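Note sheet for the following structure.
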Amino acid sequence: MINLKFTYEQALEFVSKEQIHGYQEEINKHYEAIYNKTGKGNDYLGWVDLPEHMDDAFLDEINNTAESLKAKSEVAVVIGIGGSYLGARAVIDALSHHFSQLRKEKTLQVLFAGQNISEDYLTDLLEVLDQKDYSLIVISKSGTTTEPAVAFRLLKNHLESKYGLEEARQRIVAITDKEKGALKQLANDEGYKTFVVPDDVGGRYSVLTPVGLLPIAVAGFDIKQLLAGAKAMKEHVKQSKAIDDNPVSGYAAVRNALYAKGMTTEIMVNYEPRLFYFTEWWKQLYGESEGKENKGIFPAGVGFTTDLHSMGQYIQEGLRNIFETVLSVENPDHTLTIPEDDKNLDKLNYIAGMPLHEVNHMAEIGTTLAHMDGGVPNLRVGIPRVNEETLGELIYFYEMACAISGYILDVNPFDQPGVEAYKKNMFALLGKPGFEKETEEIRKRL
Ligand code: PA5
């Protein structure tokens with residue numbers, strides 16, 4: 001039994017049921033390629049079985065490590081970039097109090113570093129850490145990614161001067177490859193507690209490994225429920241491949257049918273600010289998986305109603321190559337109604353007594369209809385509320401749909417060769433040993 005509901009009725013003005021169902025046979029084959037590991041990138045299918053592989057004993061080990069970090073820290077800094085950070089941030093942000101940093105109750109704060117190379121960002125972070133007890137969770141599968149390596153070097157130095165070498169070692173957990181890479185070697189040399197990023201799980205599919213699970217546990221959330229949600233989705237997806245019974249098949253089929261009709265941009269829409277980073281996670285998952293060989297749907301994200309006042313005009317009347325997928329939350333965690341006002345100068349008394357969620361919901365329906373009228377097909381992924389279980393379902397749903405969609409596009413959804421291009425230029429410009437030829441070539445272009 002799953003909570004997630006996928007509906008595509010609001011796309012049927014733009015693409016027919018026949019066209020959507022035309023993908024069924026192909027989708028069936030792609031499931032077989034995934035389950036039998038015969039398709040492109042089949043070395044990276046470890047995420048498919050993570051809901052079972054992350055068993056209770058292993059999750060207890062993660063929870064125990066989280067508890068030992070929490071016992072001595074007011075802040076945990078998670079260092080990582082791309083797939084080594086977005087999944088954890090997506091789940092933590094979705095489950096956290098919106099203003100947790102300003103609340104009186106003493107809860108451990110999770111901060112992030114290594115996702116940029118900004119001098120000002122890291123300076124501000126170090127300044128805050130001067131005043132706080134903290135620990136580091138450093139995550140890099142390759143162990144050689146520049147951004148987290150730079151941040152870790154700075155933060156490790158800070159931690160060691162603050163606590164001394166031995167105590168600093170107790171405050172660092174490394175999540176990396178099981179045997180290779182600079183971070184693994186350092187962790188061995190220094191005796192850090194380590195967790196492994198499985199060989200067969202790529203960064204953007206790794207949120208249900210320690211990469212996502214340890215930061216999420218440190219933030220105080222229930223990783224067993226997260227995995228339970230993912231497992232429920234996994235079992236549901238296995239029961240039927242049919243487009244109208246299986247949300248993964250449905251989503252993969254409709255978005256590809258729309259793409260075939262020239263809808264080359266998909267906008268993920270949410271009406272809950274807490275889902276901002278979930279959208280960022282989804283953007284990486286789909287952007288890195290599909291955008292290659294001059295193909296792929298461009299994944300964009302907006303938060304409504306906020307962005308209706310910035311992007312709404314474009315979506316309503318701009319270039320007609322977009323469709324929207326609304327990630328819709330049916331129930332809020334709280335009730336807050338609009339108060340009556342004697343003066344009624346803002347003319348809001350007609351909705352006095354109405355819960356805000358209902359206003360938000362009407363905004364959602366009104367916007368969907370307006371965008372359809374403006375030529376924007378709408379898909380809807382609904383969940384009853386935001387919690388660990390529904391986030392687990394969403395994660396598995398989007399991962400599997402991404403793999404199937406990538407196979408429909410006939411690309412390898414598990415590699416990211418294009419990410420290397422900027423690194424090569426940056427290394428050449430920085431004068432990294434081994435990049436002398438590239439440095440020469442780049443100088444000629446400047
Ligand atoms: O999805 C991916 O593979 C990438 O986004 C990586 O996760 C990202 O580049 C970070 O790599 P690493 O974990 O090796 O530092």
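These numbers were taken from a predicted model, which means no experiment stands behind them. In listed order, ligands and their atoms are each counted from 1.
- The only option from Arg169, Gln185, Lys156 that meets the side-chain hydrogen bond (donor to acceptor under 3.5 Å, both in side chains) definition with Glu190 turns out to be Arg169.
- Aromatic rings of Tyr85 and Phe112 (six-membered ring for Trp) have centroids within the 6.0 Å cut-off, being under it.
- Between Phe323 and Tyr259, the ring centre distance reaches or exceeds 6.0 Å.
- Checked by atom type, the side-chain pair Asp244/Tyr8 shows a donor-acceptor distance below 3.5 Å.
- Closer than 4.0 angstrom to ligand 1 lie heavy atoms from Ile81, Gly82, Gly83, Ser84, Ser140, Lys141, Ser142, Thr145, Gly203, Arg204, Gln284, Glu288, Gln416.
- The closest side-chain donor-acceptor pair between Gln170 and Tyr163, if any, does not fall under 3.5 angstrom.
- Residues forming a side-chain contact (heavy atoms from CB on, under 4.5 Å) with Leu319 (at least two apart in sequence, or on another chain): Tyr314, Asn321.
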